[in-house]
Amino acid sequence: MDEAAKRNAPSREFLEKIFRTAYRIRVFETEGIKLYRQGLIRGYFHPYLGQEGIATGVCAALQEGDYIASTHRGHGHCIAWGADVKRMVAELLQKESGYCRGYGGSMHIADIARGNLGANGIVGAGTPLGVGAALAAQIRGSDAVTVTFTTDGASNNGTFLESLNLAAIWNLSFILVIENNQYAVSTPIEEATRDPDLYKRGLSIGVESHQVDGNDPLAVYHLTREAVEKCRAGKGPILIEAKTFRHMGHHVNDPGKYMPEERLAYYKARDPIDRARTALIEMSGADKADIAAIEAEIAAEFAEAVGFAKESREITPAEFREFVAAY
Amino acid sequence: MDEAAKRNAPSREFLEKIFRTAYRIRVFETEGIKLYRQGLIRGYFHPYLGQEGIATGVCAALQEGDYIASTHRGHGHCIAWGADVKRMVAELLQKESGYCRGYGGSMHIADIARGNLGANGIVGAGTPLGVGAALAAQIRGSDAVTVTFTTDGASNNGTFLESLNLAAIWNLSFILVIENNQYAVSTPIEEATRDPDLYKRGLSIGVESHQVDGNDPLAVYHLTREAVEKCRAGKGPILIEAKTFRHMGHHVNDPGKYMPEERLAYYKARDPIDRARTALIEMSGADKADIAAIEAEIAAEFAEAVGFAKESREITPAEFREFVAAY
Amino acid sequence: MREIMYREALREAIDEEMQRNGDVFIIGEGIAERGGSYKVTEGLLAKYGPKRVRDTPIAEAGMIGVGVGAAIAGARPIVEILYVDFAMLGMDMLVNQAAKFRLMTGGDGRVPFVMRTQGGAGGGVAAQHSQSLEALFYHIPGLKVVMPSVPADAKGLLKYALRQDDPVMFLEHKHLYMTKGPVPEGEHIVEFGKADIKRPGKDVTIIAWSNMVPRALEAAAALAEEGIEAEVVDPRTLVPLDKDTILASVARTNRAVIVQEAVRRGGVASDIASIIQEEAFYDLDAPIEIVAGLNIPIPFNLELEKASVPQKDDVIRAARRALHIQPMAIAAK
Amino acid sequence: MREIMYREALREAIDEEMQRNGDVFIIGEGIAERGGSYKVTEGLLAKYGPKRVRDTPIAEAGMIGVGVGAAIAGARPIVEILYVDFAMLGMDMLVNQAAKFRLMTGGDGRVPFVMRTQGGAGGGVAAQHSQSLEALFYHIPGLKVVMPSVPADAKGLLKYALRQDDPVMFLEHKHLYMTKGPVPEGEHIVEFGKADIKRPGKDVTIIAWSNMVPRALEAAAALAEEGIEAEVVDPRTLVPLDKDTILASVARTNRAVIVQEAVRRGGVASDIASIIQEEAFYDLDAPIEIVAGLNIPIPFNLELEKASVPQKDDVIRAARRALHIQPMAIAAK
Ligand SMILES: Cc1ncc(C[n+]2csc(CCOP(=O)(O)OP(=O)(O)O)c2C)c(N)n1
Ligand SMILES: Cc1ncc(C[n+]2csc(CCOP(=O)(O)OP(=O)(O)O)c2C)c(N)n1
Ligand SMILES: [Mg+2]
Ligand SMILES: [Mg+2]
């Protein structure tokens with residue numbers, strides 16, 4: 001079956017996977033915010049609500065052995081990459097069973113063993129790191145592709161130009177996905193740059209660049225798939241700008257009042273979860289009961305993760321002393 | 001007289017000024033290299049030979065009160081900005097009468113009082129500094145224009161994107177002149193980036209951008225003049241990419257063997273000094289004797305500057321102690 | 001005197017200096033429309049307009065560089081960097097441009113530039129948002145380093161900073177913004193290089209700055225109950241450093257404890273210790289004690305975070321050690 | 001043993017490690033085609049090809065960041081930065097990424113990354129090309145800091161660095177590249193954290209690293225003529241620091257002089273002094289002397305440059321002071 005045909009007739013399994021991933025992120029963020037408000041999570045928590053389509057679509061186009069690098073708004077990437085939700089919640093609850101044993105927290109969840117180079121508290125830092133992973137892969141002769149998820153905010157940062165240019169001159173298998181949610185905290189993109197179409201910056205340095213509706217998980221998937229194939233054929237890097245919008249403020253404690261209501265309504269009407277659900281229903285014949293079952297299963301999974309995390313212990317002073325001794 | 005007419009009929013005075021400036025730079029560099037080889041100048045010396053048309057054309061389009069910021073290859077900008085050659089040579093000879101009292105040297109000559117923010121030993125650093133001067137001017141309500149001379153090498157550095165973007169969102173009266181001499185030390189631009197047409201990077205962030213033959217002082221002048229006028233009318237910033245080529249290696253001690261002979265010959269055949277001289281002869285009727293007189297005068301001026309510099313004293317230990325006390 | 005918050009004191013300083021001098025302006029992420037992440041700049045946009053109060057994209061190197069350029073051209077920029085950790089992106093502009101310009105130009109070029117930012121651990125913001133990096137700026141000749149611990153100093157030092165011709169690293173602390181204290185209205189200037197004795201005492205000198213000052217004061221209060229009178233010296237500015245006040249205090253107490261939140265290795269405390277031992281060697285009755293952060297990045301876990309930076313009890317213990325009070329003796333007490 | 005140059009020793013180390021481990025690669029400005037500005041990498045492109053030996057554009061933050069990313073993904077990059085001054089452009093990647101990754105990931109993430117660069121004054125390259133910035137890296141937990149002074153150490157330490165799993169700041173000195181010394185062929189490893197006594201002596205301990213080692217040795221030779229036997233201790237790696245060797249030497253000599261080319265304020269010397277006074281207080285018969293650069297950017301003028309960094313005579317004078325030999329007495333001698 002060729003790509004165009006597949007696009008029109010994706011399998012139920014695939015559509016279900018897309019919906020599950022997107023919905024899992026939605027639950028994680030919605031429930032995570034509750035834990036935060038209960039005081040169980042400290043520090044920063046940047047919800048991925050509204051942007052789930054991007055991580056979902058991109059990661060579905062990748063395979064084992066590939067790498068991803070993420071942002072401060074990283075839960076979604078982590079989940080879409082197949083992370084264990086238990087260990088994610090445990091990390092947010094600063095437990096020893098967490099991905100970083102409680103040393104990292106929301107902004108630093110990583111899963112090195114499986115090629116997730118981690119969230120990052122420094123806007124823009126994931127780009128050179130991702131290019132580095134792609135370079136390592138090229139040197140090793142591996143066909144791994146690396147995706148860095150980055151942001152509109154990071155696109156005005158020097159690392160964007162420097163690292164994408166390096167990826168370009170070295171023809172690396174690197175895909176830079178800009179999640180253009182049109183805000184950096186409260187600053188609208190129109191105030192941060194003259195041209196809000198960020199993919200053009202790739203073109204200007206000879207990088208194949210595309211724009212996509214980030215709220216459409218399938219569109220994101222198809223574009224990424226093509227990009228991945230090109231990369232594996234040595235035609236990288238590729239830049240993808242995915243337009244999207246947050247469903248709330250910048251972090252849990254930001255009411256986000258500065259976000260214009262109509263614009264928010266516009267994007268909420270194009271909710272990526274709804275679209276994934278609709279696709280599953282319309283394209284594969286799943287019915288309401290099927291959906292309800294999946295949703296219940298994911299909710300239960302999260303509840304279980306919370307239980308796991310709560311029961312987990314924290315790093316002991318002795319373990320900490322041992323850790324510190326390495327420095 | 002409108003601009004187009006002026007362009008076709010520049011005054012003799014103007015053409016002579018262009019030739020004098022370009023030739024003064026040529027003499028400075030050629031003779032400076034001799035001083036270097038005699039051991040009178042230490043540290044780095046990056047000759048501007050072959051690129052004189054750019055500084056000459058750009059600075060001729062500026063006026064008192066404007067600012068310039070320069071590069072590690074900065075002698076030409078300094079001279080075109082009207083610096084006192086005596087104090088420049090004195091600086092290279094580390095004398096107290098030098099622009100920086102011998103504290104700075106070739107890579108740091110500045111003339112703050114007159115709006116030259118200085119050469120810079122850090123590739124790319126002049127761009128944010130220039131944007132800063134333009135910002136200061138805007139805040140003060142001055143109509144000053146700031147030009148930063150930058151390089152092909154610096155265009156792959158993060159400061160390029162960050163600062164030009166800031167200039168753009170704030171509509172600053174800022175002109176970024178990229179002297180694309182197609183090499184960064186021995187690395188050809190084709191190895192440093194996929195698209196050697198650097199002006200496109202300005203376009204991608206909504207900045208009016210142009211390309212010009214950097215070896216044609218008059219073309220550079222006319223393009224800059226228009227850019228300056230647009231800036232003064234609040235339509236900045238503007239990017240100008242001037243293609244050029246060095247006449248020798250990266251610095252005095254670099255034989256530059258990696259530069260392809262035919263390419264060098266091509267550019268030498270388009271020598272900016274020859275073009276300025278030819279323009280003066282052909283467009284204003286100056287004759288060989290006139291030219292010879294100017295050239296002799298400039299040679300004498302340089303000889304005098306060397307005398308001045310040699311006779312000048314260095315900073316005394318007592319002066320140095322006083323200087324140090326401020327830290 | 002009226003009491004206001006540290007962040008209000010900072011705002012007052014900026015406001016007064018913007019009023020006084022049209023060359024003062026401020027840029028930073030979210031500082032204009034939103035009034036800043038710590039509300040230091042609230043109201044300034046309305047009062048001084050968008051030319052002098054500007055939001056920026058996320059481009060720390062660019063912001064700092066542009067600030068330095070504006071300063072060289074004679075304006076008086078304040079660049080707010082959200083976390084001192086992010087100043088690392090602009091280090092070249094600080095180290096190689098701002099700090100060096102004066103010397104490189106033989107004294108003609110001046111850089112009246114103020115970078116305001118904040119550091120320190122607390123609240124689980126983890127390794128990239130919790131550092132105390134004053135030592136990095138301290139080591140670069142040409143930069144002034146200012147670390148106010150109370151609202152009055154915050155105001156007075158910031159006003160002074162905005163009248164200097166050299167680049168100032170103005171380092172606030174995330175945990176001090178909401179602390180209150182008496183602050184004089186109007187013209188209140190605290191000159192650089194004048195330490196403040198925040199609590200007098202004769203038995204041991206505790207040197208502390210920024211958020212370690214309140215912690216040192218708590219420790220001093222506890223020590224007082226044991227009959228130990230600690231003197232708490234707050235240098236307020238690390239560059240220039242008021243050596244005289246520190247050395248005079250040590251000459252009286254013959255013992256010194258230096259408390260810094262930054263990691264132990266290569267911190268400013270080490271440098272102050274090196275100065276004391278060099279210039280007051282024969283005054284010392286005990287080794288100088290340094291109480292500092294562990295040599296690690298700050299962990300997310302709150303207990304580990306707390307274990308990573310000096311606590312009141314660490315200061316108390318160090319003071320006792322400096323006084324040769326054995327742990328045994330304390331236990332027995 | 002055959003004698004080779006410092007730069008040849010470095011090249012040998014890289015060559016051997018590239019041979020040994022296909023994950024080792026090197027990137028930098030002009031390091032491939034041109035063989036590097038200091039000829040350290042000459043011949044490597046021909047031998048290992050353009051995948052493992054690459055020239056880069058002028059993008060220090062990008063190069064360092066890409067190196068760190070490659071290391072996280074398990075490769076073993078060497079990133080050459082032409083001057084340590086330029087590393088300031090990549091400070092975020094060093095401070096906030098490379099140094100912190102291990103802790104932030106709870107220990108799972110490792111960063112086997114080596115940044116090679118060079119520092120130091122000399123030859124009139126002025127303020128932006130002359131700094132000694134080891135103190136900045138020294139203060140960041142998670143970074144190892146290596147500063148070889150002789151060819152054998154250069155080789156042995158670099159080979160060791162390329163087998164470590166933590167980021168290493170490998171700081172060479174521009175004036176050492178052409179110095180010669182005996183270097184073992186083949187497998188020659190110098191572990192981190194082992195100081196080397198470059199000259200034994202009993203009267204005073206002189207601690208020096210990098211280019212200050214030859215200077216300290218010259219001073220020690222001159223002191224010997226006065227009958228003073230100075231011991232010259234070269235820590236070789238500043239992080240980890242071999243405290244034991246330093247403290248043992250001071251316990252024998254009861255006097256310490258620390259020599260660093262970096263500026264005095266907030267340098268590594270201060271930290272070493274703070275450790276000695278803390279752990280060997282009762283061994284000391286005199287204040288620890290620090291001989292360091294002036295607190296200024298390096299001037300272009302050669303005389304002023306020379307006056308800005310420690311010279312042999314400065315070390316000699318400091319050693320005499322540590323031995324309470326009055327200038328008068330010397331003059332009379
Ligand atoms: C280098 C850096 N500067 C500033 C910040 C503070 N900060 C965290 S998130 C954020 C806004 C980010 O906006 P954007 O990059 O568009 O990502 P989004 O939050 O929209 O996903 C800022 C300014 C940071 N973390 N890192
Ligand atoms: C940030 C930085 N990196 C590296 C260098 C070393 N260096 C000095 S000049 C130069 C090449 C510059 O090439 P380009 O920027 O194109 O300017 P050109 O020399 O061609 O005028 C390099 C790499 C530097 N001075 N600054
Ligand atoms: Mg955004
Ligand atoms: Mg060039």
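Lettering follows sequence order; numbering is per chain, from 1. Reckoned from all heavy atoms, side chains included, excluding hydrogens, waters and symmetry mates.
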Counting only non-hydrogen atoms closer than 4.5 Å, does A:Leu161 touch chain D with its backbone (N, CA, C, O), its side chain (CB onward), both, or neither?
neither

Please state whether the side chain, the backbone, both or neither of D:Asp92 comes within less than 4.5 Å of a heavy atom of chain A.
side chain

Which distance, rounded to the nearest 0.5 Å, do you find between the OG1 of A:Thr159 and the CD1 of D:Ile64?
13.0 Å

When only pairs under 4.5 Å are counted, which of D:Pro77, D:Gly74, D:Gly109, D:Gly22 shares the most heavy-atom pairs with chain A?
D:Gly74

Please round to the nearest 0.5 Å and tell me the distance separating atom CE of D:Met93 and atom OG of A:Ser163.
7.0 Å

Residue pair A:Leu135 / D:Phe25, side-chain heavy-atom distance below 4.5 Å
yes

Between chain A and each of D:Arg102, D:Arg52, D:Arg76, count heavy-atom pairs under 4.5 Å; write down the option with the most.
D:Arg102

Value rounded to 0.5 Å, distance of CG in A:Leu117 from OG1 in D:Thr105
11.0 Å

Sub-4.5 Å side-chain heavy-atom contact between A:Asn120 and D:Phe101:
no

Heavy-atom distance under 4.5 Å between the side chains of D:Val68 and A:Pro128, does that happen here?
no

Which atom names give the shortest non-hydrogen contact between A:Ile112 and D:Ile72, and what distance separates them?
CG2-O, 4.1 Å

For D:Glu60 and A:Glu162 the tightest heavy-atom approach is N-OE1, 4.0 Å

State, yes or no, whether a side-chain contact exists between D:Asp108 and A:Tyr103 at a heavy-atom distance under 4.5 Å.
no

I would like to know whether A:Trp170 and D:Val66 meet side chain to side chain contact (heavy atoms under 4.5 Å, CB included); could you show each step before the answer?
CA-CA 12 Å; A:Trp170 293 334; D:Val66 164; 4.3 Å; yes

Got a second to check how far A:Leu166's CG is from D:Arg54's CZ, nearest 0.5 Å?
10.0 Å

Measuring heavy-atom distances to chain A, does D:Lys100 have an atom under 4.5 Å in its side chain, in its backbone, in both, or in neither?
neither

Just so I know, are the side chains of A:Ile122 and D:Gln97 near enough to count as touching, which here means a heavy-atom distance under 4.5 Å?
yes

With a 4.5 Å cut-off on side-chain heavy atoms, are A:Phe323 and D:Leu103 touching?
yes

Are there over 12 heavy-atom neighbours, none belonging to A:Lys235, within less than 6.0 Å of that residue's NZ?
no

Engaged part of D:Ile27 at the chain A interface, taking heavy atoms whose separation is under 4.5 Å:
side chain

How close do D:Gly65 and A:Leu129 get, counting heavy atoms only, and between which atoms?
O-CD2, 3.6 Å

Under 6.0 Å from the NZ atom of D:Lys39, do we count more than 12 heavy atoms belonging to anything else shown?
no

Of all the heavy-atom pairs spanning A:Arg140 and D:Asp23, show the shortest one and how long it is.
NE-OD1, 3.2 Å

A:Tyr99 versus chain D, heavy atoms under 4.5 Å apart: side chain, backbone, both or neither?
backbone

May I ask you to name which of D:Ala59, D:Pro141, D:Ala75, D:Pro240 has the most heavy-atom pairs under 4.5 Å with chain A?
D:Ala59

A:Glu319 atom CD: more than 12 heavy-atom contacts under 6.0 Å:
yes

Under 4.5 Å to a heavy atom of chain D? For A:Ala110 that would be side chain

Measuring heavy-atom distances to chain D, does A:Ala326 have an atom under 4.5 Å in its side chain, in its backbone, in both, or in neither?
both

